[in-house]
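First up is the structure itself, then whatever we jot down about it.
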Amino acid sequence: MEFNILLVDDSATVRGLVARALRLAGLPLGNVLQAGNGAEALEVLKSKDVDVVVTDLHMPEMDGLTLIRHLRADPMHKDLPVIVVSTEGGAERIAEARELGISAYLRKPFKPEQVKEAVNSALGVVHE
Amino acid sequence: MNNDVRQGIEEVVCDVIEIFGFMFGDPADPGGEELIEPGDAVSAEVFFEGAASGRLQVYTSLDAAKEMSCNLLGLDEADNQQGLDTLQELVNQFCGQLLTTLAGTEPTFTLGIPVARRAEQQEWNAALGDGATLCFVMDGEHPLLLRLESEGLEGGPLS
């Protein structure tokens, strides 16, 4: 069964890199949706079905933590699996993200197999 | 900059070049031929604040940035914007990794939004002539200059 993924990062390069890693890993990708920040991501989620969100933390306009807080407060998306991919390595920021119930936290730079494992794990949660 | 700090920075930079950029990075001598201004110089910088504040700048060639884009995205050819976007992300990742390497994971930092642009020959030469600049070569041919200006990073794990 194919899954739809939403990639949220202000870097088009990172969005492209994650999408490519997942395609090369042979995951059954349906729609690969993209957004440049949290606000754009919320707009996408209003009209599209998404199975997993992969988001950066540090973005202009609306950052990743704010995006996740919006999702957790929304009955439609409160259980939506979220994977964070960020340069942020500070313990406090990582703990903050984990408290919001993220599925995984990957530090940039990441290896393609780490993204694949994180998405597989997140989808396992979805289908349980 | 003491030797441990220099070595720590060099290791981080080479790791990021390899894992993110799919290129090999090596520290280089500032007088090396590979580090002569390439004619299509580009620069990216990111500011940070928090437990320490400062700025990280990198210089390389547009050709190198575009080649990295191709590596990352599986393209035969990248355009200038893709090269600059990749360079922005590269400086972002250098900065995130360097801050935790130099200061540890306890301090909190806020990074600015990285910016990339074309650079003038004089800027390149000034960076190259600055004793605080660290020099690298990517894939044996592409130059990379890195300058970290900061206040308050002293006293971290590598000091």
Side-chain angles (χ1 to χ4, degrees), chain A residues 7-26 29 32 34-40 54-66 84-99 105-116, chain B residues 12-23 25 44 46-48 50-52 56 65-66 68-75 78-79 81-116 157:
Chain A
L7 307 177
V8 191
D9 200 302
D10 53 329
S11 167
T13 298
V14 173
R15 297 196 304 265
L17 178 61
V18 173
R20 182 168 184 241
L22 294 174
R23 285 201 180 91
L24 290 176
L29 285 178
V32 178
Q34 302 196 18
N37 60 55
E40 286 181 14
V54 177
T55 183
D56 189 11
L57 288 186
H58 187 58
M59 295 176 287
E61 199 169 338
M62 182 189 288
D63 65 26
L65 286 177
T66 307
V84 170
V85 179
S86 175
T87 53
E88 300 259 7
E92 192 180 316
R93 206 61 56 84
I94 294 173
E96 213 174 335
R98 290 199 189 286
E99 280 169 16
Y105 190 106
L106 303 181
R107 211 127 172 241
K108 295 176 183 175
F110 54 83
K111 294 182 176 169
E113 56 268 27
Q114 291 177 285
V115 183
K116 177 191 168 187
Chain B
V12 165
V13 168
C14 292
D15 282 351
V16 172
I17 290 170
E18 185 174 340
I19 298 170
F20 171 66
F22 299 102
M23 288 180 165
V46 61
F47 288 85
F48 56 91
L56 182 70
K66 287 163 71 171
M68 195 174 278
S69 293
C70 291
N71 293 346
L72 292 170
L73 302 173
L75 305 172
D79 62 30
Q81 188 50 48
Q82 286 170 317
L84 291 173
D85 189 76
T86 296
L87 188 61
Q88 273 179 215
E89 184 57 27
L90 184 69
V91 77
N92 189 39
Q93 297 195 11
F94 283 153
C95 194
Q97 289 289 336
L98 285 173
L99 289 175
T100 48
T101 298
L102 298 175
T105 56
E106 290 310 313
T108 299
F109 294 96
T110 301
L111 272 62
I113 302 296
V115 176

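Residue numbers start from 1 in every chain, and the chains themselves are labelled A, B, ... in the order their sequence lines are given, proteins ahead of strands.
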Between [X] and [Y], what is the shortest heavy-atom contact and its length?
X       : Y       : result
E106(B) : A91(A)  : OE2-CB, 4.0 Å
Q93(B)  : P109(A) : OE1-CB, 3.1 Å
D85(B)  : A12(A)  : OD2-N, 3.2 Å

Using non-hydrogen atoms only, which part of F22(B) is less than 4.5 Å away from chain A: side chain, backbone, both, or neither?
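Interface part for F22(B): side chain.
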Atom pair [atom1] ([X]) and [atom2] ([Y]), whose distance is rounded to the nearest 0.5 Å:
X       : Y      : atom1 : atom2 : value
L87(B)  : S11(A) : CG    : OG    : 11.0 Å
T100(B) : E88(A) : OG1   : CD    : 10.0 Å
T108(B) : E96(A) : OG1   : CD    : 9.0 Å
T110(B) : R93(A) : OG1   : CZ    : 5.0 Å
T105(B) : E92(A) : OG1   : CD    : 11.0 Å

Residue, of C95(B), G74(B), S69(B), that accumulates the most heavy atom pairs under 4.5 Å with chain A:
G74(B)
Which one wins on heavy-atom pair count under 4.5 Å against chain A: T86(B), L99(B), V16(B), L90(B)?
T86(B)
Not counting sequence neighbours, which residues clear side-chain contact (heavy atoms from CB on, under 4.5 Å) with D63(A)? List them please.
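L65(A), T66(A).
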Would the number of heavy atoms belonging to other residues, nucleotides or ligands and lying under 6.0 Å from CD of E113(A) be above 12?
yes
Write out, in numerical order, the residues from residues 13-24 of chain A with a heavy atom short of 4.5 Å from a heavy atom in chain B.
T13(A), V14(A), G16(A), L17(A), R20(A)
Keeping the roles fixed (side chain from Q97(B), backbone from K108(A)), state whether a donor-acceptor pair exists under 3.5 Å.
yes
